[in-house]
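The structure appears below as structure tokens.
Source: prediction; values computed, not measured. In what follows, chains are A, B, ... by sequence order, proteins preceding strands, each numbered from 1.
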Amino acid sequence: MEPKIKSKRWNSELENSISEEWKKSWPYGFDEKSKKPVYSIDTPPPYVNTPVHIGQATTYVLMDMFARFRRMTGSNVLFPLGLDRNGLPIEMAAEKKSGKKLTEMPRKEAITLCHKILEESSLASVDSFRKLGISFNSWKKGKGIGELYETDSPDYRSLTQETFIDMLKKGLIYEDARVNNFCPGCQTTLADAEVNYENRAGFFYNVRFRVKETGEDIIIATTRPELLCTIGMVIFNPSDKKYRHLEGKTAVAPLFEKEIPIKSHPSAEMDKGTGIMMVCSFGDLADIRFFREEKLEPVVAINKDGTMNKHAGFLEGLTVSDARKKMAEELEKSDLIVEKIPTSEHRTPICERSKDAIEFIDMPEFYVKQVEFKADMKKHAKKMKFFAPKSRQIMLDWIDSVSIDWPISRRRFYATEVPLWYCRKCEQKIVPPKGGYYQPWKEEPPKGSDGLKGGKCEKCGSSDFRGEERVFDTWFDSSISPLYILKYHKEPKGFFEKNSPCSLRPQGKEIIRTWLYYTVLKDWLLTGKVIFDDVWINYHILDEKGKKMSKSLGNVIDPQKVLKMFGAEPFRLWAAIEGNLEKTDFRCSFERIQGAGKTLTKLWNVSRFISMFPQPKSRPGKLTPLDEWIISEVDGIVNDAKKSYERYDFHNPVARIKNFIWETFASHYMELVKQRAYNEEGKFAKEEAESARYALHHVLDRLMRVLAPVLPFLTHSVYGDLRRKDVHAEAFPEPDEKLLKKKCDFSAEDLMTANSAIWKAKKDKGLSLREGINSAKLPKKLKSIEKDMKATHGIKELKYGSKLAIKI
RNA sequence: GGGCGAUUAACUCAGCGGCUAGAGUGCUUCCCUUACAAGGAAGAAGUCGGCGGUUCAAAUCCGUCAUCGCCUACCA
């Protein structure tokens with residue numbers, strides 16, 4: 001008998017030919033006319049200027065498994081690909097490439113440089129996605145449902161602006177000048193979510209102050225001596241006896257001779273530093289809060305370029321870090337520093353993008369209200385189903401730590417423009433109508449804007465307008481991705497109404513506080529809905545040594561390299577089996593991806609073996625007990641896999657399926673059924689052979705379908721060769737309930753133990769596995785498969801007892 | 001400082017109240033048996049981080065300590 005499948009192993013060239021086939025007619029487009037329920041996946045748009053690395057590729061592969069599985073269970077899957085092209089990362093790349101600061105050139109020029117970066121940005125990521133077999137709805141850019149979208153397209157940006165106009169009118173957005181995180185390098189205000197902390201080396205300076213009334217010295221520790229000129233108060237803990245006599249007295253700041261009140265305050269801890277501290281405006285966010293609560297007048301001594309201003313006296317013009325050094329020197333000269341203790345533990349807030357130290361500067365910015373919605377947000381976080389459930393806590397913790405509203409305006413260039421104009425004469429605000437894409441820095445306000453009357457300022461009649469120059473935080477854009485893909489702006493009462501909330505948000509744990517949090521907040525404020533049903537949070541793929549992949553460490557693995565070395569299928573199988581990305585990080589190892597390839601070879605050859613036998617047209621009237629057993633085994637596994645897949649767990653079921661293929665099926669069932677399936681010597685009845693062939697094909701069929709989401713190429717190839725159908729268009733298999741409930745006489749373990757004992761006995765005697773044995777005693781439960789046991793092992797006399805015994 | 005997670009075979013990981021604790025890789029011995037030598041068969045290998053406790057029963061639950069990660073915070 002000749003197998004229908006010719007080659008002896010799976011190879012990645014077969015992937016290429018299937019890719020070519022799919023290129024000609026892409027089978028995964030979104031069908032708007034379909035009556036099936038929509039299952040929507042809000043995929044994370046990767047940045048285009050750097051290609052995705054293997055860790056990200058792993059997450060998209062897993063998302064693809066979710067999508068493919070849902071298609072097989074009767075959903076119309078919305079699985080669009082988006083590309084992120086807005087914001088600081090693009091501007092940073094442009095600055096690096098040109099060697100110039102964008103903030104120091106005309107805006108048009110800066111934008112031209114960004115466009116250049118975007119044009120040159122390779123589409124390596126998109127190519128990787130294609131080769132990995134990811135079934136996004138479309139690879140074509142467009143505005144249609146499911147088409148590839150870009151976050152800087154006029155269509156996307158107009159939705160971003162529309163949401164701003166809406167929220168502004170609803171009073172959910174306001175403008176205010178308050179002290180906030182400011183990055184001197186990027187020259188813009190930042191939200192808390194964009195600030196990271198790093199331990200940086202520095203010093204504790206123990207500085208000598210004088211008490212005006214008593215003339216005594218007090219020693220105050222600080223890491224920011226350059227802020228001495230902004231000191232607002234000196235405080236000590238109310239229960240600290242050492243300083244109690246100073247209550248209400250006046251401290252004199254050294255060098256500046258500034259007089260400030262000394263008070264007791266619970267936020268001063270007795271065992272920190274010297275137990276008495278100075279509060280300056282502003283070393284950190286806590287200082288801001290303190291000044292606000294104590295109604296102190298802050299002195300802002302730092303300019304927005306990160307240099308000291310006139311309030312800093314002799315430090316004026318110096319950068320913050322130079323000023324710190326200079327101040328320390330001056331204090332030392334005057335013998336005002338008692339001690340200087342080096343520390344590597346000084347926690348410094350830094351800009352997530354540029355890594356510059358954050359300063360606190362007041363600027364007028366737009367804010368989205370969020371503090372007053374903390375309780376609502378916690379309710380929403382509890383409503384969404386998190387996979388894994390423990391990931392919910394990350395979001396709850398973050399909500400707890402929110403203390404100020406969300407500043408959304410940025411003083412940068414390549415991002416969505418804040419769509420506003422102002423009358424130059426009377427500062428009347430001009431708000432354009434929803435639906436357009438506006439660039440106020442280079443356009444006049446459009447007709448129909450609020451605040452205009454006949455093209456003139458409604459209030460003063462002037463026609464001289466100033467366009468807003470600020471842009472939005474990129475998260476203000478990103479947080480509407482589910483609205484965009486569900487066509488909120490095009491069909492709020494149609495497609496959106498019908499198909500929201502979005503079924504699934506898959507994303508990394510590190511952007512829970514940004515992407516997930518902001519999306520849930522903003523989309524709820526706009527639509528009144530909790531925008532996601534399910535949230536799948538992935539952990540990270542680490543490098544071979546267990547280190548996080550990052551460009552700076554130089555340990556980034558390109559998926560193209562993996563594709564070239566092994567192809568998509570071993571990588572996909574590895575991604576499913578290696579670890580549980582919902583719960584923990586795991587490592588990327590080429591050795592282990594290659595190892596996954598062995599299972600492909602096994603599965604391929606199992607298929608090849610089965611392909612030798614014709615598939616019976618219908619189910620034989622009677623199946624042998626062995627065949628009934630294997631069918632109930634595979635059906636049970638498929639049934640459990642379905643339940644796990646629904647919970648986004650591919651790891652456990654696929655590992656189990658892999659084990660089933662190698663052990664239960666290939667090593668034991670196939671060995672036992674071979675002779676009967678061949679039936680070349682006519683030892684078995686025709687019906688018995690038919691039963692074997694039916695069971696073999698049944699198992700193959702189930703394996704192909706249950707693995708189709710994981711191994712789209714291999715299953716497509718095998719199923720296509722043997723069934724002439726596309727496995728991806730098949731339904732996910734339902735078990736044979738009758739067989740599943742029927743109890744077999746024996747278990748898989750009984751069978752394996754018996755086989756192993758016989759093989760071991762032969763081996764111990766130095767016999768080949770093909771040689772026969774005279775007698776064997778097997779457990780009674782195996783009696784129903786006597787014929788198969790005899791034929792497989794060549795047993796002449798078979799007896800039964802409670803114990804297993806082999807005689808040769 | 002607070003929180004979360006991890007610690008299981010040489011390595012990478014499953015298992016998370018109940019039969020002698022599993023898998024892959026690696027290792028040892030034998031075998032080209034007509035699906036597969038990128039294979040097959042057999043095998044060695046673990047006081048499940050330490051210490052206490054709950055239970056008839058503990059990798060599994062509780063407490064505590066240690067080490068390593070991550071998140072979070074007003075450590076002057």
Side-chain angles (χ1 to χ4, degrees), chain A residues 1 3 5 7-11 196-197 204-207 220-224 234-236 267-269 271-280 282-290 343 345-347 388 390-391 393-398 400-401 403 509-510 512-513 539-540 542 544 546-548 570 574 577-580 583-589 591-592 594-613 651-652 655-656 658-659 662-663 666-667 670-671 674 677-678 680 696 749 755-764 766-771:
Chain A
M1 287 190 217
I5 295 170
S7 69
K8 280 196 174 185
R9 60 181 55 104
W10 172 256
N11 68 72
N196 286 336
Y197 289 85
F204 285 131
Y205 299 94
N206 283 353
V207 181
I220 292 178
T222 178
T223 55
R224 302 283 310 258
V234 169
I235 58 171
F236 62 89
S267 70
E269 288 176 46
D271 52 355
K272 294 261 169 73
T274 56
I276 190 161
M277 68 180 283
M278 64 175 194
V279 188
C280 295
F282 295 101
D284 54 39
L285 289 172
D287 296 340
I288 296 170
R289 223 167 297 153
F290 188 92
T343 165
E345 286 294 290
H346 187 234
R347 233 176 93 91
K390 72 169 186 185
S391 298
Q393 198 55 42
I394 303 177
M395 183 165 180
L396 289 171
D397 288 349
W398 174 252
D400 272 333
S401 74
S403 64
K509 66 171 174 179
E510 77 287 359
I512 289 177
R513 66 178 188 171
Y539 280 59
H540 294 296
L542 309 171
E544 208 128 357
K547 283 250 154 51
K548 203 167 161 178
W574 169 85
I577 287 185
E578 182 69 14
N580 192 345
K583 286 189 183 164
T584 179
D585 298 341
F586 61 86
R587 302 177 188 195
C588 175
S589 141
E591 200 186 346
R592 303 170 62 72
Q594 192 174 22
K598 286 191 182 182
T599 298
L600 298 181
T601 306
K602 194 74 185 177
L603 181 58
W604 184 255
N605 278 295
V606 163
S607 310
R608 190 161 168 263
F609 170 74
I610 298 172
S611 80
M612 276 194 290
F613 308 105
H651 171 257
N652 287 301
R656 199 169 149 213
K658 175 186 160 188
N659 188 261
W662 284 90
E663 297 299 327
S667 293
M670 273 170 58
E671 288 306 325
K674 254 181 203 174
Y678 282 124
E680 277 169 335
L696 285 169
E749 208 188 337
N755 282 334
S756 287
I758 295 166
W759 285 325
K760 186 168 162 35
K762 287 186 179 177
K763 192 180 149 67
D764 288 347
L767 295 176
S768 133
L769 296 182
R770 310 202 68 204
E771 283 180 76

>> Pairs counted only when both distances fall under 3.5 Å, Watson-Crick or G-U: show me the 5' to 3' dot-bracket for RNA chain B, [ ] for pseudoknotted crossings and | for other-strand partners.
In response: ((((((((.[[[[.)..(...]]]].(((((.......))))).....[[[[[..)....]]]]])))))))....
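- Both Glu749(A) and Trp759(A) lie close to RNA chain B; mapped to their nearest nucleotides by heavy-atom distance, the more 5′-ward contact belongs to Glu749(A).
- A residue-by-residue look at Lys390(A) and Lys658(A) shows that Lys390(A) has its nearest nucleotide of RNA chain B further toward the 5' end.
- A straight line from CD1 of Ile512(A) to C1' of C70(B) spans 12 Å, rounded to a whole angstrom.
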So which protein nitrogen or oxygen atoms get under 3.5 Å of nucleotides 12-16 of chain B's nitrogens or oxygens?
from, atom 1, to, atom 2, distance (Å)
U12(B), OP1, Arg587(A), NH1, 3.3
U12(B), O2', Glu578(A), OE2, 3.1
U12(B), O2, Arg592(A), NH2, 3.3
C13(B), O2', Glu578(A), O, 3.4

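- Of the candidate nucleotides U72(B), C36(B), G39(B), U72(B) has the atom nearest to the side chain of Ser401(A).
- In this structure, Thr599(A) reaches neither bases nor backbone, as no heavy-atom distance under 4.0 Å exists between it and the strands shown.
- Classification of A59(B) as syn follows from a glycosidic angle within 90° of 0.
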> Does the pair Phe586(A) and Asn580(A) meet the rule for a side chain to side chain contact (heavy atoms under 4.5 Å, CB included), with working shown?
Replying inline: CA-CA 8 Å; Phe586(A) 61 86; Asn580(A) 192 345; over 6 Å; no
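- Residue-to-nucleotide contacts include a donor-acceptor pair under 3.5 Å from the side chain of Lys602(A) to the base of C36(B).
- Spacing of C1' atoms, A37(B) relative to C31(B), comes out at 10 Å, to the nearest Å.
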Shorter than 3.5 Å, N or O on both sides, protein versus nucleotides 26-32 of chain B: list them out with atom names.
none

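- One C1' atom belongs to C16(B), the other to C61(B), and the distance between them is 10 Å to the nearest Å.
- A gap of 16 Å separates the C1' atoms of G46(B) and G26(B), to the nearest Å.
- Listed nucleotides: G40(B), U72(B), A76(B). Nearest to the side chain of Trp662(A): G40(B).
- In this structure, Lys8(A) reaches the C36(B) phosphate: one of its side-chain N or O atoms is under 4.0 Å from OP1 or OP2.
- Only the P atoms considered, G43(B) is 40 Å distant from G5(B), to the nearest whole Å.
- In terms of the side chain to side chain contact (heavy atoms under 4.5 Å, CB included) criterion, residue partners of Ala221(A) (sequence neighbours excluded) are, by chain and number, Asn206(A).
- Considering only side-chain N and O atoms, Ser667(A) lies under 4.0 angstrom from the phosphate OP1 or OP2 of A41(B).
- Counting any heavy atom pair closer than 4.0 Å across all strands shown, Glu671(A) reaches a base atom.
- G69(B) and C30(B) have their C1' atoms separated by 45 Å, given to the nearest Å.
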> Given the rule in the side-chain hydrogen bond (donor to acceptor under 3.5 Å, both in side chains) test, do Glu578(A) and His651(A) qualify, once you have shown the distances and angles that lead to the verdict?
Replying inline: CA-CA 7 Å; Glu578(A) 182 69 14; His651(A) 171 257; over 6 Å; no
> Taking it one step at a time, do Trp662(A) and Ser667(A) satisfy side-chain hydrogen bond (donor to acceptor under 3.5 Å, both in side chains)?
Replying inline: CA-CA 6 Å; Trp662(A) 284 90; Ser667(A) 293; over 6 Å; no
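- The gap from the P atom of U29(B) to that of C13(B) amounts to 29 Å, rounded to the nearest Å.
- In this model, the phosphate group of A42(B) is approached by a side-chain N or O of Ser756(A) to a distance below 4.0 Å at OP1 or OP2.
- If you check every strand for non-hydrogen atoms under 4.0 Å, Arg513(A) touches sugar and phosphate atoms only.
- Within the 4.0 Å cut-off from OP1 or OP2 of A23(B), not a single side-chain nitrogen or oxygen of Arg656(A) is found.
- Nucleotides A6(B) and A45(B) place their C1' atoms 24 Å apart, quoted to the nearest Å.
- When rounded to the nearest whole Å, the span between CD of Glu663(A) and C1' of G40(B) equals 11 Å.
- Note on Ala596(A): nothing from the nucleic acid sits closer than 4.0 angstrom, heavy atoms only.
- In this structure, the ring pair (Phe, Tyr, Trp, His ring centres under 6.0 Å) partners of Phe613(A), at least two apart in sequence or on a different chain, are Phe609(A), Tyr678(A).
- A distance of about 36 Å separates the C1' atoms of G24(B) and G63(B), rounded to the whole Å.
- Heavy atoms of Phe290(A) sit nowhere under 4.0 angstrom from any nucleic acid atom.
- Using a 4.0 Å heavy-atom cutoff across all strands shown, Met670(A) reaches at least one base atom of the nucleic acid.
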Check the interface with nucleotides 58-63 of chain B: list each N/O to N/O pair with the protein under 3.5 Å, or write none.
none

